[in-house]
S.K.: 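The following block contains the structure, expressed as structure tokens.
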Amino acid sequence: CVLRQRQEHSPLYKLLDYLLKNLEKKDSQSFFAWPVTDNIAPGYSSIITQPMDFSTMRQKNEDGAYTNLPQFTDDFKLMCSNAMTYNQQETVYYRAAKRLLHGGLKILTKEKLKLLAPSLT
Ligand SMILES: COc1ccc(OC)c(-c2cc(C(C)=O)n3cccnc23)c1
């Protein structure tokens, strides 16, 4: 059998993996861990045309689909705004999304992060 060369991960991959772990910690109820299904959220797939969740973001990072930090940040914002579109303002999901968005953007837009090599942002 051909020995699979262990793929070295790029600096961007490692940064996004680190950021993902920290963002997922903010979702203590795992509302954003997996894709929202029409079973748990009636009509979801006809209202939300671009679904996004942490497991999809993780898979995209594994696949090398992110080539810079803004692409990753866009998916994070999409995930939160989907929840603030589908769910009414007074729901636990809307509030969780709003909290996650603000807490997450603080990490993602830190000046320190932007000082990283320009190729990462
Ligand atoms: C109550 O337990 C769970 C478990 C997983 C969920 O989404 C992956 C959700 C969930 C997550 C969402 C979102 C993110 O809109 N949602 C909306 C309506 C009804 N349920 C949800 C809830």
Side-chain angles (χ1 to χ4, degrees):
C1 68
V2 178
L3 277 180
R4 259 174 62 85
Q5 183 72 18
R6 187 172 143 61
Q7 192 221 352
E8 277 311 303
H9 285 135
S10 72
L12 179 64
Y13 169 90
K14 290 176 187 163
L15 172 66
L16 297 185
D17 189 58
Y18 167 79
L19 292 172
L20 209 44
K21 283 190 178 86
N22 280 275
L23 293 171
E24 285 169 324
K25 271 188 231 155
K26 293 178 175 299
D27 175 30
S28 50
Q29 309 219 54
S30 299
F31 291 153
F32 302 90
W34 307 103
V36 180
T37 61
D38 283 342
N39 295 349
I40 60 173
Y44 192 84
S45 59
S46 36
I47 296 165
I48 299 300
T49 55
Q50 275 191 289
M52 188 48 63
D53 67 283
F54 282 132
S55 74
T56 304
M57 291 176 72
R58 181 167 296 286
Q59 189 57 58
K60 282 179 75 170
N61 193 30
E62 296 292 335
D63 299 344
Y66 295 120
T67 58
N68 60 44
L69 181 58
Q71 289 164 352
F72 178 86
T73 302
D74 286 348
D75 271 355
F76 174 73
K77 289 195 280 190
L78 171 66
M79 180 181 73
C80 295
S81 65
N82 284 344
M84 296 172 77
T85 299
Y86 175 82
N87 302 284
Q88 302 301 316
Q89 279 191 6
E90 68 285 346
T91 60
V92 66
Y93 306 114
Y94 183 101
R95 293 176 203 277
K98 193 168 178 197
R99 221 168 103 96
L100 179 63
L101 179 66
H102 289 114
L105 285 181
K106 281 198 191 105
I107 302 177
L108 295 170
T109 53
K110 260 205 171 79
E111 284 319 306
K112 276 185 279 184
L113 210 49
K114 293 186 188 158
L115 289 177
L116 287 169
S119 62
L120 294 181
T121 56

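In what follows, residues are counted from 1 in the order of the sequence shown. Ligands are counted one by one from 1 in listed order, and the atoms in each one are counted from 1 as well. None of the values given here were measured: they were computed from a predicted structure.
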S.K.: For Phe31 and ligand 1, does the shortest N/O to N/O distance drop below 3.5 Å?
M.R.: yes
S.K.: Suppose we measure from atom 13 (C) of ligand 1 to each protein heavy atom; which comes out shortest, and what is that distance?
M.R.: Val36 CG2, 3.7 Å
S.K.: Tell me if a side-chain donor or acceptor on Gln59 pairs with a main-chain N or O of Ser55 at a distance below 3.5 Å.
M.R.: no
S.K.: Protein heavy atoms near atom 4 (C) of ligand 1, is at least one of them under 4.0 angstrom away?
M.R.: no
S.K.: Does the Asn22 side chain pair with the main chain of Lys25, one donor and one acceptor, at a distance under 3.5 Å?
M.R.: no
S.K.: Any chance you could lay out the side chain to side chain contact (heavy atoms under 4.5 Å, CB included) test for Leu19 and Thr73, step after step, and finish with the verdict?
M.R.: CA-CA 10 Å; Leu19 292 172; Thr73 302; over 6 Å; no
S.K.: Among protein heavy atoms, which lies nearest atom 9 (C) of ligand 1, and at what distance?
M.R.: Ile40 CD1, 3.7 Å
S.K.: Would you indicate which of Tyr94, Trp34, Tyr93 comes nearest to atom 22 (C) of ligand 1 when only heavy atoms are counted?
M.R.: Tyr93
S.K.: Between Arg95 and Glu90, is the closest basic N to carboxylate O distance under 4.0 Å?
M.R.: no
S.K.: If we only count N/O pairs under 3.5 Å, is Asn87 in contact with ligand 1?
M.R.: yes
S.K.: Under 3.5 Å, is there a donor-acceptor pair between the Asn39 and Thr37 side chains?
M.R.: no
